[in-house]
Asker: 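I have a structure I would like to understand better, so I am pasting it below and will then ask my questions one at a time.
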Amino acid sequence: MKKKVTAIKGTKDILPPETRKWQWVEERARTVFERYGYRELRAPVFEATELFEKGTGESSDIVLKEMYTFTDKGGRSLTLRPEYTPSVVRAIIDHRLYLQPRPLRFYYIGPMFRYDKPQKGRYRQFHQMDIEVFDEKDPGIDAEIIQMATVLLKQVGVADYQILVNSVGCPRCRPSYIQKLREAAQKVREKLCPDCQRRIEINPLRLFDCKIETCQALAANFPKITDNLGEECQQHFIQFQHYLQVLGISYRVEPRLVRGLDYYTRTTFEFVTSALGAQDAILGGGRYDEMMKQFGGPDLCGIGLAVGVERLLSLIKFQPSNPEFIYIIYLSEEGKEEAMKLAAELRKEVDCLLEYKPRSLRNQLSRANKLGATWTLIIGEDELKTGRFTLKHMASGHQASYSSAALLEHFKSRGDQ
RNA sequence: GUGAGCGUAGCUCAACUGGUUAGAGCACUGGACUGUGGAUCCAGAGGUUGGGGGUUCGAGACCCCUCGCUCACCCCA
């Protein structure tokens, strides 16, 4: 093999027939999102780097080490979006969308970019289906979003998952909790692993995530965020869970569920599965009540979720079948011209494939068979003489002759069914 | 960024302890077969064994470097 030009690390070509599966999932997602009142908002794939530094958060792993950042010819620092939420917030402020009747609901399906080391279920270009709600502080919406996600999963035939929920508090109650947690960890610092010792300063919430047994045992005695929420956050969390129960959704409170984005407040949640390897989250999200304000917009709260399309697809066994089509066969120049005209007509009603390499009848039938044609339409000497063309159903071998008008009528009535 | 495993034809894989000109199945193209496909048979095309260096009379195999893929850590979709 000569020097290869390949897709770059962590990116993938999505080829037919795999693309059918994507279209199928995307279509179902759109239908569900629209049904819950969401409308599509398409933002650019790149933004000012600053948007993510402020939005996603300077201390998040995403901003610290995972962004595709570059300088354009005008000297601006731009970044391929690693997530969607800051872009929507920016668009809302940009276009004063908050002046429209609120709450606002948007969805989007598209690629995201993170400079991560690729592994199972994790790519540098990956795709998310994302929904966001602004200016709805009632915990009912938190529950509704989760209920909608269960509907989406059901629509695409995914059943093997668990719902984890948590509350991470807000800027009023979280700092004092973090302080408490740090103090508890400091007392047993010597017994913790080096990683955990670093976590005490950097990200104490991660102390609960350590895989080492001794650390886990110690962490079990650390104070939990869910026991240290402020009054309002506490009420929100209780109500949220109440509404989940009202909607008949089973879930597990997981106080360790922190999520890597700095901006979350109160509700966070994740849908996990055992079928994905180490990257077990198929969908995740939460509330970000402070973001809009931080960008100088109005003080509107927000909540959203992102579904990982690759991860979702890897759980879906189903492969949609190819649509039916006619492979048109001809045997002479005169037949070719008739075939071209007929194909143009028939395509108003049915998929047609016409090929231009001269082949024998046998050869063309063989090719039609390989390509999976539902029917072949034969235009040979006899057909040209009589003006009646032979339509052959490939699976059964049954064939019959039709005038061109009758053919069109035949497929038109099929389409109406 | 750290660690481990793996790189032979488009795909799946062979090639003994290092030993001729690196093979097979599937797929592809053509033919047997000039108006009836799926089957069978024949033929063709397809490789710098990821790349570079080293050891050796001799390397697909052994050693070093490098690139790529995969999985895991961190973190996340």
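None of the values given here were measured: they were computed from a predicted structure.
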Asker: Out of rC74(B), rG30(B), rG35(B), which nucleotide sits closest to the side chain of Gln279(A)?
Answerer: rC74(B)

Asker: Just call it for Glu83(A): base, sugar-phosphate, or nothing, with non-hydrogen atoms closer than 4.0 Å on any strand.
Answerer: nothing

Asker: Check the distance between rG38(B)'s C1' and Ile329(A)'s CD1 and give it to me in whole angstrom.
Answerer: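 Those two atoms, CD1 and C1', are 14 Å apart.
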
Asker: Is there a donor on the side chain of Arg122(A) or the base of rC75(B) sitting less than 3.5 Å from an acceptor on the other?
Answerer: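 Donor-acceptor pair under 3.5 Å: yes.
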
Asker: Write down the distance separating the C1' atoms in rG53(B) and rG46(B), rounded off to the nearest Å.
Answerer: 29 Å

Asker: Taking the nucleotide of RNA chain B with the closest heavy atom to each, which residue, Arg359(A) or Gly308(A), is nearer the 5' end?
Answerer: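 Taking each residue's closest nucleotide, the earlier one in sequence belongs to Arg359(A).
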
Asker: Taking 4.0 Å as the cut-off, does a side-chain nitrogen or oxygen of Lys120(A) come that near to OP1 or OP2 on rC69(B)?
Answerer: no

Asker: Under a 3.5 Å cut-off for both contacts, is rA32(B) paired Watson-Crick or G-U wobble with anything, and if yes, with which nucleotide?
Answerer: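 Matched rA32(B) with rU40(B) under the 3.5 Å cut-off.
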
Asker: Any side-chain N or O of Lys117(A) below 4.0 angstrom from OP1/OP2 of rC73(B)?
Answerer: no

Asker: Rounded to the nearest Å, what distance is computed from the CD atom of residue Gln119(A) to the P atom of nucleotide rG1(B)?
Answerer: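 In whole Å, rG1(B) P lies 15 Å from Gln119(A) CD.
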
Asker: According to the interplanar angle, ranging from 0 to 90°, do the rings of Tyr108(A) and Tyr84(A) count as parallel (below 30°), tilted (30 to 60°) or perpendicular (above 60°)?
Answerer: parallel

Asker: Under 4.0 Å, heavy atoms only, any strand: does Ile282(A) hit a base, just the sugar-phosphate, or nothing?
Answerer: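 Ile282(A): backbone/sugar contact only, no base atoms under 4.0 Å.
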
Asker: Verify the contact: side-chain N or O of Arg362(A) to OP1 or OP2 of rG37(B), cut-off strictly under 4.0 Å; return yes or no.
Answerer: yes

Asker: Does any nucleotide pair with rC6(B) by Watson-Crick or G-U wobble geometry, both distances under 3.5 Å, and what is it?
Answerer: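 By the stated definition (distances under 3.5 Å), rG68(B) pairs with rC6(B).
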
Asker: Tell me which nucleotide among rC75(B), rG35(B), rG37(B) gets nearest to the side chain of Asp116(A).
Answerer: rC75(B)

Asker: Could you tell me how far rG68(B) sits from rU21(B) if I compare only their P atoms? Round to whole Å.
Answerer: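 Comparing P positions in rU21(B) and rG68(B) gives a spacing of 33 Å.
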
Asker: Please confirm whether Tyr107(A) and Tyr38(A) have ring centers closer than 6.0 angstrom.
Answerer: no

Asker: Any Lys/Arg nitrogen of Glu40(A) or Arg30(A) sitting under 4.0 Å from an Asp/Glu carboxylate oxygen of the other?
Answerer: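 Result for this pair is yes, salt bridge flagged.
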
Asker: CG of Leu331(A) versus C1' of rU36(B): gap in Å, rounded?
Answerer: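 Going from CG in Leu331(A) over to C1' in rU36(B) covers 10 Å.
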
Asker: Whole angstrom is fine here: how far is it from CD in Glu310(A) over to P in rA77(B)?
Answerer: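 Rounded to whole Å, this separation is 13 Å.
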
Asker: Regarding Ser360(A), tell me which of base, sugar-phosphate or nothing describes its non-hydrogen contacts under 4.0 Å with the strands shown.
Answerer: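 Result for Ser360(A) = nothing.
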
Asker: Would you find more than 12 non-hydrogen atoms of other residues, nucleotides or ligands less than 6.0 Å from Glu50(A) atom CD?
Answerer: no

Asker: Establish, with yes or no, whether the OP1 or OP2 oxygen of rU29(B) is under 4.0 angstrom from a side-chain nitrogen or oxygen of Asn363(A).
Answerer: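 Checking rU29(B) against Asn363(A), no side-chain N or O comes under 4.0 Å of OP1 or OP2.
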
Asker: Between rA59(B) and rG18(B), how far apart are the C1' atoms? Round to whole Å, please.
Answerer: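 Roughly 7 Å separates the two C1' atoms.
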
Asker: Expressed as a whole number of Å, how far does the C1' atom of rG52(B) sit from that of rG44(B)?
Answerer: 34 Å

Asker: Of the listed nucleotides (rU36(B), rA77(B), rU29(B)), which one gets closest to any side-chain atom of Phe126(A)?
Answerer: rA77(B)

Asker: Under 4.0 angstrom, heavy atoms only, what part of the nucleic acid is Gln125(A) near: base, sugar-phosphate, or nothing?
Answerer: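 The residue Gln125(A) makes no contact with any strand.
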
Asker: For rG60(B), which nucleotide is its Watson-Crick or G-U wobble mate, given both distances must be under 3.5 Å?
Answerer: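 Looking at the geometry, rG60(B) pairs with no nucleotide.
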
Asker: rC74(B) P sits how many Å from Ile62(A) CD1, rounded?
Answerer: 16 Å

Asker: Applying a 3.5 Å limit to both distances, which nucleotide forms a Watson-Crick or G-U wobble pair with rU49(B)?
Answerer: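 Checking every strand shown, rU49(B) finds no partner, since no pair has both distances under 3.5 Å.
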
Asker: Ignoring backbone atoms, establish whether Lys12(A) has a side-chain N or O less than 4.0 Å from OP1 or OP2 of rC69(B).
Answerer: no

Asker: Nearest-nucleotide wise, let me know which of Gly277(A) and Phe271(A) is further upstream toward the 5' end of RNA chain B.
Answerer: Gly277(A)

Asker: Between Tyr330(A) and Tyr356(A), is there a side-chain heavy-atom distance shorter than 4.5 Å?
Answerer: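 They are in side-chain contact.
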
Asker: Using the P atom as the reference point in each nucleotide, state the distance between rG23(B) and rA9(B) in Å, no decimals.
Answerer: 14 Å

Asker: Expressed as a whole number of angstroms, how long is the span from His398(A):NE2 to rG38(B):C1'?
Answerer: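 For the pair His398(A) NE2 and rG38(B) C1', the rounded distance is 19 Å.
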
Asker: Counting the atoms with a prime plus P, OP1 and OP2 as sugar-phosphate, which does Ala368(A) contact under 4.0 Å by heavy atoms, base, sugar-phosphate, or nothing?
Answerer: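 No contact.
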
Asker: Is Lys392(A) touching bases, backbone alone, or none of the nucleic acid, heavy atoms closer than 4.0 Å?
Answerer: base

Asker: How is Lys370(A) classified with respect to the nucleic acid when contacts are heavy atoms under 4.0 Å: base, sugar-phosphate, or nothing?
Answerer: sugar-phosphate

Asker: Send over the distance from Phe389(A) CZ to rU36(B) C1', rounded to a whole Å.
Answerer: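 The distance from CZ of Phe389(A) to C1' of rU36(B) comes to 18 Å, rounded to the nearest Å.
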
Asker: Tell me if the side-chain of Gln364(A) makes a donor-acceptor pair with the base of rU36(B), cut-off 3.5 Å, by modelled atom types.
Answerer: no

Asker: Please lay out, stage by stage, how Arg189(A) and Gln197(A) fare under the test side-chain contact (heavy atoms from CB on, under 4.5 Å).
Answerer: CA-CA 6 Å; Arg189(A) 186 185 187 94; Gln197(A) 295 191 11; 4.0 Å; yes

Asker: Given the C1' atoms of rC73(B) and rA14(B), what is the spacing between them in whole Å?
Answerer: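 Those two atoms are separated by 36 Å.
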
Asker: Rounding to an integer number of angstrom, what distance separates rU49(B) and rU8(B) when you compare their P atoms?
Answerer: 12 Å

Asker: Taking atom P of rU36(B) as reference, at what distance in whole Å does atom CG of Asp382(A) sit?
Answerer: 11 Å

Asker: My understanding is that a pair needs two contacts under 3.5 Å, Watson-Crick or G-U wobble. By that rule, which nucleotide pairs with rC13(B)?
Answerer: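 Check on rC13(B): paired to rG23(B), both distances under 3.5 Å.
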
Asker: Using the side-chain heavy atoms of Glu66(A), tell me which of these nucleotides is nearest: rG35(B), rG37(B), rC75(B).
Answerer: rC75(B)

Asker: So Phe411(A) and Trp375(A), would you call those rings parallel, tilted or perpendicular, with 30° and 60° as cut-offs?
Answerer: perpendicular

Asker: Nearest to the side chain of Asn369(A), which nucleotide is it out of rG37(B), rA77(B), rU36(B)?
Answerer: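 The answer is rG37(B).
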
Asker: Could you tell me whether the phosphate oxygens of rU29(B), OP1 or OP2, come under 4.0 Å of any side-chain nitrogen or oxygen in Arg367(A)?
Answerer: yes

Asker: Measuring only the P atom in each nucleotide, how far is rC26(B) from rC65(B)? A whole number of Å is fine.
Answerer: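 It works out to 41 Å between them.
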
Asker: I would like to know whether Glu349(A) and Arg414(A) meet salt bridge (charged side-chain N to carboxylate O under 4.0 Å, His left out); could you show each step before the answer?
Answerer: CA-CA 9 Å; Glu349(A) 304 297 339; Arg414(A) 281 186 67 92; over 6 Å; no

Asker: Before accepting this row, confirm whether a basic side-chain N of the pair Glu383(A)/Arg388(A) lies closer than 4.0 Å to the acidic partner's carboxylate O.
Answerer: no

